[in-house]
Amino acid sequence: MTSHPTPAIPTPELFTWEFATDPYPAYAWLRQHAPVHRTTLPSGVEAWLVTRYADAKQTLADPRLSKNPAHHDEPAHAKGKTGIPGERKAELMTHLLNIDPPDHTRLRRLVSKAFTPRRVAEFTPRVQQLTDHLIDQFAAKGEADLIHEFAFPLPIYAICDLLGVPPEDQDDFRDWAGMMIRHGGGPRGGVARSVKKMRGYLAELIHRKREALPSEPAPGEDLISGLIRASDHGEHLTENEAAAMAFILLFAGFETTVNLIGNGTYALLTHPDQRHRLQSSLAAGDRGLLETGVEELLRYDGPVELATWRFATEPLRIGGQDIATGDPVLVVLAAADRDPERFAEPDTLDLSRRDNQHLGYGHGIHYCLGAPLARLEGQTALATLLTRLPDLQLAVDPAELRWRGGLIMRGLRTLPVEFSPVEAPRTSGRT
C-alpha cells in the first residue's frame, strides 16, 4: 500500500477584509504552526508576529525590544510606515509609545497621577453625565448608530475634559479624531493633516494655559496645566514633550475606548444569554458581573489587536525563533488572549470568567496608563445602555457589519441598533 504525504496546510492570508471580519481562525493557525511568524505588512514593512500568550507576555516586558523607531534597520518610520501617520512632521515623536527609559520613566511619572484610582473615581460622575447626555440624543428615535452617536464621542469628550480642552473647542477635537480613526476610509493624507492641526492647536493651548496658570494648583487641575506646572518647576518637560504627551493621551485614550464599547456591545448583542445574565445582575443592583464582564470583553474581542511597534536592539530569540537587530516585532494581543494553553475554552464568551489575566491593555512598563479610565467608561457605557434601552438589538445582519482597516486597533465602522423609543429627561445636558 502506497502512503501519500499529508499536504501542507497553507499559511492563512492575513490583513484582508475577510481577515479583518474574523481574524481568530488565522491566529489559531499561527499559534499552532508558526507562533513567531515573519510577514509582510500592508505597508510593505516586514515584521515578526508573536501569537502565543507566554511568548507575548515575555516579549512585552523584554527590555531588549525598544519602542524607539530609531532602532529600526530600515527608513520605514521616516516614510510614515510605522507609528502614527504625520507624527514625525508634526514634532510629536517624544511620547510614551515611542520612547524607552529613562525618558519614558520620567514622562510616565508626570502623567500617572491623572489616572490614579482616586482621580478616576472623582471623574465617575462626569463620565455618567456624558453617557446619559449622549443616550438622550437618540433615545426617543428608537434607532442609532452606536459607534458615531455614542461610543466615539463619549471618550473624546471625557479625555478633552481630563486634558483641559475648553468646551467650545471640543467639537474640533472630535472632527480631528474622527479623521484619525478612519484610516483608509478618509481622504488621502487626512490623518497626517488632522495630526498637524491638532499639534498646532495644542501648542496654542499650552501657551494660553501657561499665561493664565495660577501660582497654586486648584483641586482636580487639568492634565495640560499639570504638565506645564511640572515643566516650570524643574521637571525639564519641553513644549514638544508636553504637546506630544497631550496628543498621545488623546490618540491612545479614545480609540481604545471607542472599540471597547463598540466591540463589547456587539459581543453582548450576539451572545443573548450573556447579555441577559448581565442585565439581570444590573437590575438586582450587583455590579460584580459588570466588572468581570468588561475584562472578559477585553479578552474575547478587545480594542487593541496588535501591541504597538517594538524593535530589537540586539539579536534575541522569541519562542525559539531568532530575531535580528533592528527587526520590528508586533505582539498579537488578540491571538495571545485566545491561547488555549492559558485560557479554558478561549473562544467562549463567559462574563463571569475569573482567571482572566488578559493582555488587552498590555504588560510591563508600557502597560496602558489610561486603563482605569477606559474601564470606567466601558462599564458606565455598557451598564447605562443595557439599563436604559433594555430591548436593544442589532438593526442589521451581523454579516453586513464592516470592521475598520488598520494594523493596531480592532473596531467596527458602524453599529446600527434599534430599540423601543424612550423619552429623555428634560433636565439633561452636556456641561
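Residues that satisfy the side-chain hydrogen bond (donor to acceptor under 3.5 Å, both in side chains) test with T257, not counting sequence neighbours, are E377. Partners of T292 under the side-chain hydrogen bond (donor to acceptor under 3.5 Å, both in side chains) rule, at least two apart in sequence or in another chain, do not exist in this structure. Qualifying ring pair (Phe, Tyr, Trp, His ring centres under 6.0 Å) partners for Y201, counting only residues two or more places apart in sequence or in other chains: F173, W176. Considering only residues two or more places apart in sequence or on other chains, T116 meets the side-chain contact (heavy atoms from CB on, under 4.5 Å) condition with R118, R119. In terms of the side-chain contact (heavy atoms from CB on, under 4.5 Å) criterion, residue partners of Q393 (sequence neighbours excluded) are, by chain and number, E418. Under the rule for a salt bridge (charged side-chain N to carboxylate O under 4.0 Å, His left out), R310 has no partner lying at least two apart in sequence or in another chain. In this structure A61 satisfies the side-chain contact (heavy atoms from CB on, under 4.5 Å) test together with H363, sequence neighbours excluded. Among residues two or more places apart in sequence or in another chain, the side-chain contact (heavy atoms from CB on, under 4.5 Å) test is passed with P390 by Q279. In this view, D100 satisfies the salt bridge (charged side-chain N to carboxylate O under 4.0 Å, His left out) rule with no residue, not counting sequence neighbours.
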Extract all donor-acceptor atom pairs below 3.5 Å that involve side chains of residues 242-250 and protein atoms in other chains or at least two apart in sequence.
none

Please output the side-chain donor-acceptor pairs of residues 138-147 that fall under 3.5 Å, not counting sequence neighbours, one pair per line with the distance.
| unit_1 | atom_1 | unit_2 | atom_2 | d |
| --- | --- | --- | --- | --- |
| K141 | NZ | E149 | OE1 | 3.0 |
| D145 | OD1 | I147 | N | 3.1 |
| D145 | OD1 | L415 | N | 2.9 |

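Under the 3.5 Å distance criterion, with hydrogens and angles disregarded, a donor-acceptor pair is assigned to the side chains of E305 and Y27.
A salt bridge links R388 with D132; the closest basic N to acidic carboxylate O contact falls under 4.0 Å. Comment: E291 does not engage R375 in a salt bridge, judged by the lack of any side-chain N to carboxylate O separation of less than 4.0 angstrom. Using a cutoff of 4.0 Å between basic side-chain nitrogens and carboxylate oxygens, R106 and D103 are scored as salt-bridged. The pair E46-R38 meets the salt-bridge criterion, since a charged nitrogen lies less than 4.0 angstrom from a carboxylate oxygen. With respect to the salt-bridge test (charged N to carboxylate O, under 4.0 angstrom), the residues E221 and K209 do not qualify. Between R208 and E204 there is a salt bridge, since a side-chain N of the basic residue sits under 4.0 Å from a carboxylate O of the acidic one.
For the pair R299 and F343, the cation sits on the ring face: its NZ or CZ lies under 6.0 Å from the ring centre, inside 45° of the axis. For R338 and Y24, the positive end sits near the middle of the six-membered ring, less than 6.0 Å away and at most 45° from its axis.
Of the inter-residue distances, the one linking W48 atom CH2 with T59 atom OG1 reads 12.0 Å to the nearest 0.5 angstrom. In this structure, L268 CG and L392 CG are separated by 9.5 Å, a value rounded to the nearest 0.5 Å. With rounding to the nearest 0.5 angstrom, the OH atom of Y157 is 10.5 Å from the CZ atom of R126. A distance of 12.0 Å separates CG in D337 from OG1 in T51, rounded to the nearest 0.5 Å. In this structure, the separation between CD on Q321 and CG on L316 is 10.5 Å, given to the nearest 0.5 Å.
Counting only distance, with no hydrogens or angles, the side chain of D301 and the backbone of N263 share no donor-acceptor pair below 3.5 Å. For D327 (side chain) and A324 (main-chain N/O), a donor-acceptor pair under 3.5 Å exists by modelled atom type. Judged by distance alone, with hydrogens and angles left aside, the side-chain atoms of T414 form no donor-acceptor pair with the main-chain N or O of P416 at under 3.5 Å. Under a 3.5 Å cut-off, the side chain of R410 and the backbone N or O of V304 do not form any donor-acceptor pair. At distances below 3.5 Å, not a single donor-acceptor pair connects side-chain atoms of T387 with backbone N or O atoms of T384. Formation of a donor-acceptor pair under 3.5 Å by the T270 side chain with backbone atoms of A267 is found in this model. Judged purely by atom type and a 3.5 angstrom limit, Q170 uses its side chain to pair as donor or acceptor with the backbone of V165.
The aromatic rings of W309 and F311 sit parallel to each other, their planes meeting at less than 30°, with 60° as the upper class boundary.
With respect to Y53, the side chain to side chain contact (heavy atoms under 4.5 Å, CB included) criterion is satisfied by exactly one of R31, H358, Q357: Q357.
Applying the salt bridge (charged side-chain N to carboxylate O under 4.0 Å, His left out) rule to pairs touching residues 358-372 yields nothing, sequence neighbours excluded.
Atom CD of E13 is surrounded by 12 or fewer heavy atoms from other residues, nucleotides or ligands within 6.0 Å.
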